[in-house]
Number of protein chains: 4
Amino acid sequence: MAAKRWQRRKEDRSGEILEAALFCFSKKGFAATRMEDIARRAKIAKGTVYLYFDSKEAVFKALARGSMGARLEAVQALIAQYQGDTADLLALVITNIGEFARGSDRVILPRLMLAEAGNFPDLVKFWRLELLDRGLGILQSIIRRGVESGEFRDLPTEHVARLCIAPLMIVVIWRTTFAQFDKEPYDYQGLVAAHLQILLHGLSAGSDA
Amino acid sequence: MAAKRWQRRKEDRSGEILEAALFCFSKKGFAATRMEDIARRAKIAKGTVYLYFDSKEAVFKALARGSMGARLEAVQALIAQYQGDTADLLALVITNIGEFARGSDRVILPRLMLAEAGNFPDLVKFWRLELLDRGLGILQSIIRRGVESGEFRDLPTEHVARLCIAPLMIVVIWRTTFAQFDKEPYDYQGLVAAHLQILLHGLSAGSDA
Amino acid sequence: MAAKRWQRRKEDRSGEILEAALFCFSKKGFAATRMEDIARRAKIAKGTVYLYFDSKEAVFKALARGSMGARLEAVQALIAQYQGDTADLLALVITNIGEFARGSDRVILPRLMLAEAGNFPDLVKFWRLELLDRGLGILQSIIRRGVESGEFRDLPTEHVARLCIAPLMIVVIWRTTFAQFDKEPYDYQGLVAAHLQILLHGLSAGSDA
Amino acid sequence: MAAKRWQRRKEDRSGEILEAALFCFSKKGFAATRMEDIARRAKIAKGTVYLYFDSKEAVFKALARGSMGARLEAVQALIAQYQGDTADLLALVITNIGEFARGSDRVILPRLMLAEAGNFPDLVKFWRLELLDRGLGILQSIIRRGVESGEFRDLPTEHVARLCIAPLMIVVIWRTTFAQFDKEPYDYQGLVAAHLQILLHGLSAGSDA
DNA sequence: AATGAATGAGTATTCATTCAT
DNA sequence: AATGAATGAATACTCATTCAT
């Protein structure tokens with residue numbers, strides 16, 4: 001539990017390697033990244049990587065598994081203590097994830113996962129179960145709350161949850177794939193704002209004739 | 001002795017190879033697919049592939065370039081001759097693309113493109129310019145028409161266009177990546193329906209007090 | 001209609017193939033020449049070559065064996081009927097071979113043989129026995145005649161014969177290998193003339209004190 | 001257990017590889033030599049060769065470039081300090097090169113270069129400019145000196161220089177190509193001696209009436 | 001712990017050769 | 001006889017992994 005002092009160094013190394021690997025994988029993909037690329041970027045020797053990870057695959061999996069769940073838990077905590085309009089809560093959650101999608105350099109992780117899904121089925125399963133299903137579950141519970149309180153129209157929550165997320169995934173994909181050809185930077189924040197306007201308006205029970 | 005080893009069929013070899021390649025690439029990714037895999041699936045010899053394509057990369061590019069534009073043009077034709085509500089038109093277009101997303105086996109093409117984007121920058125450019133920008137342009141013009149006719153609220157069309165598409169991309173990604181872990185098949189049609197309900201409701205000018 | 005009268009006969013084809021092969025081999029070497037190169041140059045289909053030759057090796061051997069002996073026999077005939085100074089005869093023979101070396105497009109044959117010697121030991125043997133030994137034998141007999149008649153100094157004929165040939169081989173090598181970098185064309189005729197001057201002078205018995 | 005599989009010896013690996021390559025190339029030619037042949041002969045693994053050379057071509061070029069210029073410089077030094085008859089100097093130089101031609105195992109280098117000339121045009125240029133032109137230049141300056149001092153007849157030096165070398169090239173070719181079929185070893189030394197006798201005699205101004 | 005030279009399995013590509021047309 | 005599509009063996013080169021130092 002407590003971090004052992006003499007392992008301190010080791011943990012740092014491991015993190016540096018993952019950082020380097022993230023950079024390389026996101027730039028060239030898993031297959032096209034050579035262990036030496038990772039090592040060079042981490043400023044260590046090729047062999048050293050193997051002191052921390054069994055194989056290139058292990059590096060990738062450690063990368064893909066780590067550090068994504070934390071955010072989810074943060075969102076969960078946010079919700080637990082929330083008092084107020086469901087619409088505001090939903091807006092808060094979507095904005096929060098939106099911030100991540102448009103700002104964090106970690107977005108390359110989902111991009112990576114999508115790209116290599118074919119080669120790492122168990123990783124897909126992990127993402128599906130640990131992140132997607134959990135995340136969608138949280139959203140569904142929010143939406144259900146809105147329906148029950150009469151704020152939202154009664155639409156199938158499993159679909160609505162996905163519809164909340166979809167534009168954020170667009171942000172991720174756009175940033176990691178197509179942004180390089182933008183002449184002027186795309187206004188991600190505006191997209192999220194428009195999304196919220198349409199979504200909340202569209203969900204709103206009161207606005208229905 | 002053996003069944004005909006030489007089956008001359010220049011006719012559609014190229015198409016068969018692309019079909020086989022599509023299958024292999026979508027299953028294992030570009031890098032992990034061996035030319036021999038493609039050849040075996042196309043039931044020809046390794047060397048034969050090279051009679052039709054210069055390299056593995058050329059196969060991939062031919063695949064990624066082909067057959068996606070046709071659908072776009074179909075949609076364009078649909079719109080050109082359309083008379084009636086903009087909302088209905090938008091619903092029609094989204095449903096049309098949705099049908100593709102949830103039914104066609106060609107959806108692996110966008111999946112593939114996303115996956116290999118890092119290794120084929122010029123291909124990304126092609127998709128961006130020839131498909132995305134064109135497609136988004138079409139949607140924007142529809143939305144603008146709705147705004148001008150007073151049917152839709154005045155929201156930034158470049159964002160709204162993306163919001164129309166986003167859930168369809170979710171369908172594509174879900175089908176090609178996560179569907180394998182569904183216990184019961186996900187109701188894509190329901191998703192598109194919910195999308196339309198929220199979107200059209202959310203866009204609708206009349207509902208706003 | 002009936003068979004085309006003007007259709008080329010088999011023998012012609014074979015010659016055309018050899019001609020094409022000579023061109024290709026001399027340009028790119030044996031290994032780097034593809035059967036298709038030969039076929040294309042001969043303006044026939046790849047498969048057709050195999051109607052005339054069993055393999056690429058067979059083409060090369062047919063080429064290397066043919067058409068070199070004829071010249072040797074011409075020289076032999078020249079000598080047989082010659083009456084006069086041995087020095088003049090030697091000059092005549094050397095000039096004759098020199099003409100070949102500096103003018104004929106067949107010089108690529110020895111060049112080719114040298115280049116591929118390692119891969120075709122039996123061909124080397126053929127050249128050695130059928131051409132070199134015979135050619136050197138003829139030269140030796142001339143020189144011996146000169147020694148016996150008192151025209152030439154008494155030097156070992158097996159060496160002198162080679163010394164007569166050596167500059168001509170230089171011509172061959174120069175033309176086929178280094179000439180491409182000459183700024184102004186090298187004066188092969190002048191070389192042969194200088195060779196004769198030195199050789200005959202050097203051999204001459206009279207000039208020795 | 002097994003005998004050391006990893007023998008770290010960065011020291012002279014490169015030289016060993018070149019040595020092995022020289023052997024293989026001279027035996028089978030460039031194209032027919034497999035990288036594995038070279039590796040096996042150098043007693044290392046296939047991949048190791050690539051730690052020292054970028055490609056098979058690079059191995060060949062390193063080989064062809066190296067170790068030939070040194071001898072030329074030795075000859076140049078010899079001349080620079082020489083005092084005495086030009087005829088003696090010329091004899092000395094020719095004998096020196098002759099020793100190389102008939103004794104050194106490096107003669108396969110020119111043989112190799114001739115054989116592969118077609119595939120390595122830039123290498124031909126290197127040999128032409130760095131070795132041939134320089135070598136011929138040295139010889140021409142010697143001959144010019146002889147002409148100016150009145151020892152030699154006034155013949156075109158560019159031709160005479162080549163005539164000095166020609167028999168030595170014969171030695172190289174004979175040794176590397178035809179010697180294998182000699183029943184009794186050919187007397188290369190005798191050839192060089194005869195060459196000198198005829199050449200010096202033939203050049204000598206005094207002997208002319 | 002760290003290094004990086006060495007290894008060798010794995011694959012894209014070429015091209016001599018075959019044979020149905 | 002002629003063709004050229006199809007075959008598949010052969011090989012240069014890459015790179016994940018090992019381990020002597």
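Chain letters run A, B, ... following the sequence lines, proteins first and then strands; every chain starts at 1. Keep in mind that what you see is a predicted model, and the values were worked out from it rather than measured.
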Between C:Ile44 and B:Ala45, which is nearer to the 5' end of DNA chain F once each is assigned its nearest nucleotide?
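The residue whose closest nucleotide sits nearer the 5' end is C:Ile44.
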
Nearest heavy atom decides the nucleotide; on that basis, is A:Glu36 or C:Gly47 closer to the 5' end of DNA chain F?
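The 5'-side residue here is C:Gly47.
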
Scan D:Met35, D:Arg34, D:Glu36 and name whichever one has a side chain to side chain contact (heavy atoms under 4.5 Å, CB included) with D:Ile38.
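Running side chain to side chain contact (heavy atoms under 4.5 Å, CB included) over D:Met35, D:Arg34, D:Glu36 with D:Ile38 returns exactly one hit, D:Met35.
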
In whole angstroms, how far is the [atom2] atom of [N] from the [atom1] atom of [X]?
X: A:Met35; N: F:dC15; atom1: CE; atom2: C1'; value: 10 Å
X: C:Lys28; N: E:dC15; atom1: NZ; atom2: C1'; value: 12 Å
X: D:Arg34; N: F:dA9; atom1: CZ; atom2: C1'; value: 12 Å
X: D:Phe53; N: E:dA5; atom1: CZ; atom2: P; value: 15 Å
X: B:Asp54; N: E:dT14; atom1: CG; atom2: P; value: 8 Å
X: D:Ile17; N: F:dA12; atom1: CD1; atom2: C1'; value: 15 Å
X: B:Leu51; N: E:dC15; atom1: CG; atom2: P; value: 13 Å
X: C:Arg40; N: E:dA16; atom1: CZ; atom2: P; value: 12 Å

Side chain of B:Tyr50 (C-beta onward), nearest among E:dT7, F:dT3, E:dA12:
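Ranking E:dT7, F:dT3, E:dA12 by closest atom to the B:Tyr50 side chain puts E:dA12 first.
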
For a quick test of reading the model: is some side-chain N or O of A:Tyr52 closer than 4.0 Å to OP1 or OP2 of E:dA2?
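Indeed, a polar side-chain atom of A:Tyr52 lies that close.
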
Could you tell me whether the phosphate oxygens of F:dA6, OP1 or OP2, come under 4.0 Å of any side-chain nitrogen or oxygen in B:Arg13?
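True: B:Arg13 side-chain N/O within range (under 4.0 Å) of F:dA6 OP1/OP2.
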
What is the pairing partner of E:dT11, taking Watson-Crick or G-U wobble pairs with both distances under 3.5 Å in any strand?
F:dA12

Could you check which nucleotide pairs with E:dA20 in any of the strands shown, counting Watson-Crick or G-U wobble with both distances under 3.5 Å?
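Its partner is F:dT3 (Watson-Crick or G-U wobble, both distances under 3.5 Å).
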
Nearest-nucleotide 5' precedence on DNA chain E, B:Ser55 against D:Val49:
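Its nearest nucleotide being more 5', the pick is D:Val49.
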
What does D:Lys46 touch in the nucleic acid at a heavy-atom separation under 4.0 angstrom: a base, only the sugar-phosphate, or nothing?
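Touches a base.
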
Note: A:Lys125-A:Asp122 ion pair, threshold 4.0 Å (strictly below):
no

Kindly assign one of parallel, tilted or perpendicular to the pair D:Phe120 and D:Phe30, based on the angle between their ring planes and the thresholds 30° and 60°.
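Plane angle over 60°, so perpendicular.
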
Whether over 12 other heavy atoms sit under 6.0 Å from C:Lys27 NZ
no

Counting neighbours of CG on D:Asp105 that are heavy atoms of other residues, nucleotides or ligands and sit closer than 6.0 Å, is the number greater than 12?
yes

